[in-house]
Colleague: 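Next up is a structure, given as structure tokens.
Excluded from the calculations below are hydrogen atoms, water molecules and symmetry mates; all remaining heavy atoms, backbone and side chain alike, are included. Naming convention: chains lettered A, B, ... in sequence-line order (proteins, then strands); numbering from 1 in each chain.
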Amino acid sequence: MTLEAAASLIKDGDKVAVGGGLCLREPIAMLRELTRQGRKNLHLCGTAHGFDVDYACGAGIVGAVEETHVSFEQDFGLALNYRRACESGQVRIHENCCNTIIQQFRAAAYGIPFMPIMSAKGSEEVLLHPEFKHIICPFTGNDLILVPALTPDVAIVHAQKADIHGNLRIEQPYVADILMIRAAKNVIVTAEEIIPEAEMIKLGPNVPYYEVAHVVHVPWGAHPTSCYPYYAYDREHISNYYKITQEGADAFKTKYLDKYVYGVKSQAEYIELVGGSERQKRLASWKNGREAWMELYNYE
Amino acid sequence: MTLEAAASLIKDGDKVAVGGGLCLREPIAMLRELTRQGRKNLHLCGTAHGFDVDYACGAGIVGAVEETHVSFEQDFGLALNYRRACESGQVRIHENCCNTIIQQFRAAAYGIPFMPIMSAKGSEEVLLHPEFKHIICPFTGNDLILVPALTPDVAIVHAQKADIHGNLRIEQPYVADILMIRAAKNVIVTAEEIIPEAEMIKLGPNVPYYEVAHVVHVPWGAHPTSCYPYYAYDREHISNYYKITQEGADAFKTKYLDKYVYGVKSQAEYIELVGGSERQKRLASWKNGREAWMELYNYE
Amino acid sequence: MSEKFKVTLDELFTYNVAKTIEDSTLVFHGVSSPIPMVAMYFAKLTHAKDMVYVGGVTSAIDPNPPFFPTTTNDWTMMQGRTAMITIDKLFDMAQKGELHRSFFSGAQVDKYGNQNVTMIGRPGKVKIKLPGGAGGCNLSGDCINYTIWTTRHRAPTKGDKKLYTLVDKCDFVTNVGHVTPYGTREQLRLVGKGPDWLVTELGVFDFDPETKILRLRYLYPDTTVEDVLNNTQFKPVIHPEVRVMDLPTREDIELMRKIDPLNVRKNEFPPKELERPFFV
Amino acid sequence: MSEKFKVTLDELFTYNVAKTIEDSTLVFHGVSSPIPMVAMYFAKLTHAKDMVYVGGVTSAIDPNPPFFPTTTNDWTMMQGRTAMITIDKLFDMAQKGELHRSFFSGAQVDKYGNQNVTMIGRPGKVKIKLPGGAGGCNLSGDCINYTIWTTRHRAPTKGDKKLYTLVDKCDFVTNVGHVTPYGTREQLRLVGKGPDWLVTELGVFDFDPETKILRLRYLYPDTTVEDVLNNTQFKPVIHPEVRVMDLPTREDIELMRKIDPLNVRKNEFPPKELERPFFV
């Protein structure tokens, strides 16, 4: 299946669980394709994220965000596209907390209507979730919050390895990906590598084929976030991206979207645009030892 | 730590989660040691079991059974020591169902008072569990059974490999062991092999050291159940055992307990008694291919 | 091939169980299940090649067992697998409505398909402690459909009474059929739709859509409606087109013998039943 | 060594955070946490060798990171580990009461230790959308104790008013301190006992056992009680024995610089603060 065809299965308004987290293994090629296809009003959900959600907010494809954190951490700071989208009201804020949303994914994965949690009491995050219920625990008498199953319409995940049947080998950290896959109605995977079934079986898939609806081969599908062992995160690209977001929404459109998204027709073109084989070699150089690895975080 | 010292940490009346299941990786050496120490009234819990529970009922160390199934499957049939203990009232019957008890272990492992389940409604197994509660689900209006956290006082597990810090490498099938370990207050592991920490780290432990209180090196600690890849299950020993149980409780004491439990002072002596290195070689012969493996199930 | 080929009851029986499995479904068997073990692998190799085959208690996905062992929790059942899952995940899948079929048996099966694997007698007055249902109590509620099998339909006479397996009412309901002591499946809002087939050594049943009572569909070449009625405590519905079952081919049987060289499928039968002669 | 050894604020600060970690405890840091990252590994290598070190968002157990990266979800944080767990399991451990310490910050921290990482403004009237608490809302309830840190205690003046980080009342409570808008921790029956330390660039606080209000315990060599009061919107309790903090040794600082060659710990500070001269 092509990336175009896979992306076309995601509909305006869908609740989309986004794999990876922060700087790691985010399905960015899929988000770019959704942008080119003009998708609108996606409801993103997941744990602690960064580039993906900020990008998608800047690209205008998002209507609601139910993540637990969106930033470039202390490396660059606040996620500016995300901020603008939240502050303008373009994006509805359903901020969640990591364990809460994990329990909501668990409930969906387990086929039960809710999970009870011990925390979140006292926090105002519950104000952003009128769907939560309280009960008095019939066993302990404690006040408990019941958080409902969160069933994404689709989970989009970038995996290191897949075979053509959909067996996946995702490397640690899994973040919430394996859980999201079990929770979602539909699972679309971009994979860095497609390997023969026999090799997959030898490695031992951690997601079995019948849980995955579609697999697309997309090398560098997580760039500019990392997809170890293939590539570290592209701090130079992200630094440039961040500077553009500092210039405002219009600059983001003309300097980033027009160039890196609308300006390319394929993943191969994108790879060339962001530096081609030279860049690929550089981001794989973390394997050459501590100094080389540090250098990738130290380019400025 | 010695097996004697480890077993002495388990108290009369303790709720004990027993690892492995049916014919596989059951902590039998630990149960023999508990017998020698005269432990009484243990409350065993777990999923589908066989030799272990039947043995422990015959040895008189059990007061209640909260397993989901106890038998020798179609190989030999009903577990006769277990039957006698249940039918005489010596053992209280808290029979459970696999998903129910898994959810109860999950609740304990997750630190929550209960889990909701969708099933068990309509079954009379709930009559054996007055501790279960019903609620009307505030999300769906469905009648749900809430099953409380089941927190074993101790989990006893036989692992393939451990290091001295308590990192474990348990091979598939895990049965409920990894979950029980997370649910229990205290975890005592007998290990087929103690390996150096560096080797364990290379393999990747699936239970980290801080979850395990005590590790004891007990080769053939699961015999006569299997502990692959070291040994298949000892069908000949179990066949002999089964014939003795058919003769009644007294025969079981004189012909089995006096010989294999009270009559040996150490695991080394036990191994000699059940056939020594010849037997060890035979039960390892499953590795020699299909014919050799079949032979182990076909000795009669 | 015009020569007659002799087959045994266990083979016809296992074939009947295999035929309850549809292609492209996700299927699991539990403990103490030699016949479902063989039937599932047989189905996967014949008419249900796209079945997701959860190889029993080890929860291996699509194994190719070198032979079937006398227990369900053995490394043989993990050989040649595609992937491993864990049992907790298997139960999640069932609870989520993703497990299409499983297989349950019972010392008693009642007219609505409830099964007793817990005790003859009642709590506090246990006459015979049975092994227990393992996952059956949950899975009989959760999996979309399931096949019941028993090799002990034929009711022996003890003194002046017959000891039925197919009883009007179970002493104790472990696994739930269509109408339970606490209501119908619909009233209970269970996830699954309940048992749809019962295979015995005397016949093959489905359920009457109206009454939800077991309905005789197929006979063996050597059994009659009367045999069935004589060995059943309740009065089953008789399908208007009840007939002898479709028989396997010689190739089917040769395949079955090849995949089950230890003949574990025969372990479930009283020896006398295995003497019944059949030819295909 | 009698010569004076120059150290910087980030080093004293990180040392203070490290000292809140007791030996033989299980400790985790979340996202956006350069200082806790360095402090935890420093503690593990010095006074807390038997600490179970959950290496941040990757959930590696006892890693030996070759250096600290500028993000918490990087393979550097998995190097040299003993084992891996998954984040859902980490949260289970917390909910079960097994996580002894974590570290949280906030754009606002109020007198009871509540923190705001969600928004300046209120739902529907968001002035500044902050990044969100990640696991903080849950973990601040569940983990036994936690350390709050902020490098922005010093309140800048904007027009005629001061912009406080240590506020009387948070605009929005994300992570829970001792007294929340919905009651005390005891009333809410939370699993954990709440924050026990706050480290800022002006001082180190614990909580007054009676009032549960932040209590100044230690000053930096260059700060005074007045500095603290001038930069705090509420009136903190002043410990009767408030004094200058214990300083690290030269060896401590050399170790810290060695394990953090990219100086990620400095990223959290306004550049001017890093010019404050300290000597040990």
Colleague: Contact between D:Arg81 and D:Asp62 at the side-chain level, heavy atoms closer than 4.5 Å - yes or no?
Modeller: no
Colleague: When you measure from the side chain of A:Glu73 to the backbone of D:Thr70, do you find a donor-acceptor pair of N or O atoms at a distance under 3.5 Å?
Modeller: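 Checked: no pair found.
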Colleague: Between A:Leu128, A:Thr47, A:Val126, which has the largest tally of heavy atom pairs under 4.5 Å with chain D?
Modeller: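 Top option by heavy-atom pairs under 4.5 Å: A:Leu128.
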Colleague: Relative to chain D, which of A:Asp75, A:Asn99, A:Val175 shows the most heavy atom pairs under 4.5 Å?
Modeller: A:Asn99
Colleague: Could you tell me if the side chain of A:Tyr228 sits less than 4.5 Å from the side chain of A:Trp286, heavy atoms only?
Modeller: yes
Colleague: Between chain A and each of D:Ala134, D:Gly177, D:Cys137, D:Gly141, count heavy-atom pairs under 4.5 Å; write down the option with the most.
Modeller: D:Ala134
Colleague: Name the member of D:Gly136, D:Pro181, D:Ser33 that forms the most heavy-atom pairs with chain A at distances under 4.5 Å.
Modeller: D:Pro181
Colleague: Under a 4.5 Å cutoff for heavy-atom pairs, which residue among A:Phe105, A:Trp293, A:Tyr82, A:Phe72 has the most contacts with chain D?
Modeller: A:Trp293
Colleague: May I ask you to name which of A:Asn142, A:Leu24, A:Leu22, A:Leu78 has the most heavy-atom pairs under 4.5 Å with chain D?
Modeller: A:Asn142
Colleague: Would you mind checking which part of D:Ser140 comes under 4.5 Å of any heavy atom in chain A, side chain (CB onward), backbone (N, CA, C, O), both or neither?
Modeller: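 Contact with chain A is absent: no heavy atom of D:Ser140 under 4.5 Å.
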Colleague: Mind checking the CG-OG1 spacing from D:Asn73 to D:Thr58? Nearest 0.5 Å is all I need.
Modeller: 7.0 Å
Colleague: A:Gln103 versus chain D, heavy atoms under 4.5 Å apart: side chain, backbone, both or neither?
Modeller: side chain
Colleague: Strictly under 6.0 Å, is that where the ring centroids of A:Phe51 and A:Tyr233 end up?
Modeller: no
Colleague: Contact part of D:Ser59 toward chain A, heavy-atom cut-off under 4.5 Å: side chain, backbone, both or neither?
Modeller: neither
Colleague: Taking A:Glu67, A:Arg84, A:Arg25, A:Glu87 one by one, which has the highest count of heavy-atom pairs under 4.5 Å against chain D?
Modeller: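 Counting heavy-atom pairs under 4.5 Å, the top option is A:Glu87.
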Colleague: What distance do D:Gln115 atom CD and D:Gln108 atom CD have between them, rounded to the nearest 0.5 Å?
Modeller: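 If I round to the nearest 0.5 Å, the distance is 11.0 Å.
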Colleague: Heavy-atom distance under 4.5 Å between the side chains of A:Leu146 and A:His134, does that happen here?
Modeller: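 Sidechains of A:His134 and A:Leu146: no contact.
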